[in-house]
Amino acid sequence: MLLSCFGWATEFVAVVVWTAGLSALLGLITWRLRAATPMAAASGALITASLMFSTTAFPYEPWRTALIPVLAVSFLAFAATRAGRRKKERFGTAEPRLGRSASQVTANFGIAALVASEPVKIWLLNGRWLPLAAHPGALLLAMPLAALAEAAADTVSSEIGQVLGGRPRMITNLRSVEPGTNGAVSAAGTLAGLVAAAIVAGAGSWALRGGWSLFNLSCAGAVFGLLFDSLLGATLEKRGWLNNDAVNFLSTASAAVFALLLLAFVPLH
């Protein structure tokens, strides 16, 4: 973050001003709405700034960066978490009233910031196995966008599924279980998650100027990550080998990797 600030400050100071200001404002609003703890809000602001720096393009417009999909994820998560809160409290699955913790924010947004960073993009651009001649450089942003879309899909599917999904079923054996059980899925929750993924992918594809190819790649990655999340919940998390933050981190990573594999091996034209 410091290197990015110094680098942009010497080239185009407006990028630093807009990025720092909007990221800080988002963190402050998140904290004031009690959607996140103070440390979580600060972590989210730093990750948002990192994503904005990594997706800056010219002609520069702050709303043509990763800020837009980050806002979409934040709004969807906030709305889904607040929906049917009394029912979730009866189940004992409601989020704490102080909001999400820093570890939760990092688990959901951290992978997107990592795969959007300049070292990763340079490594991909220099790699001979990725046929970039057939894929514009903007499509490399399918990885962070898929991770963000998966984070939204996971949160929305879980929160809405508890309210509207009725009695869910385990993804591994389809047996009926109690709402909130790790690895449980419902038709309503899954559909809500798919809609959330499409919203974030659409917002990101517009903001990052990626078009339908970016939308399709990020949506496909998000759907894969959503299913992978449920599988991890039903197996490793159920056995106590992983906690929820680790599952979320690995699920967003799987979404990014799946989008990359599609970019490398599936013709888009």
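Atom set for the values below is all heavy atoms of this structure, side chains included, hydrogens, waters and symmetry mates excluded.
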Group every Ile, Leu, Val, Met, Phe, Trp and Tyr by side-chain heavy-atom contacts under 4.5 Å, then state whether [X] and [Y] land in the same group.
X	Y	answer
F12	L22	yes
V120	L260	yes
L242	L226	no
M143	W212	no
L208	W8	yes

Provide the closest heavy-atom pair for [X] versus [Y] in the form atom of the first, atom of the second, distance.
X	Y	result
A192	V156	O-CG1, 3.5 Å
A201	L145	O-CD2, 3.8 Å
N173	M170	OD1-CB, 3.3 Å

Check whether any side-chain N or O of [X] sits under 3.5 Å from a backbone N or O of [Y] as a donor-acceptor pair, and report yes or no.
X	Y	result
T252	F249	yes
N126	I122	yes
S158	D154	no
K121	V115	no
S50	L46	no
S23	A49	yes

I need the full list of salt bridge (charged side-chain N to carboxylate O under 4.0 Å, His left out) pairs touching [range], with sequence neighbours left out, sorted by first then second residue.
range	result
residues 46-69	E61-R64, E61-R209
residues 249-266	none
residues 184-199	none

Side chain to side chain contact (heavy atoms under 4.5 Å, CB included) between R100 and T155, intermediate numbers included: CA-CA 12 Å; R100 297 182 181 274; T155 300; 3.2 Å; yes
Side chains of [X] and [Y]: closer than 4.5 Å at any heavy-atom pair?
X	Y	value
R169	V177	no
N248	Q104	no
T190	S157	no
E178	T181	yes
T37	W31	no
T19	P62	no
E150	S251	yes
V247	N243	no

From CA spacing to verdict: side chain to side chain donor-acceptor pair (under 3.5 Å), R167, S176: CA-CA 7 Å; R167 197 170 180 85; S176 179; 2.7 Å; yes
Stepwise side chain to side chain contact (heavy atoms under 4.5 Å, CB included) check, F53 with S117: CA-CA 9 Å; F53 279 133; S117 64; over 6 Å; no
Stepwise side chain to side chain contact (heavy atoms under 4.5 Å, CB included) test for W206 and F215: CA-CA 9 Å; W206 172 82; F215 174 82; over 6 Å; no
Aromatic ring proximity F228/F258, centre distance under 6.0 Å: no
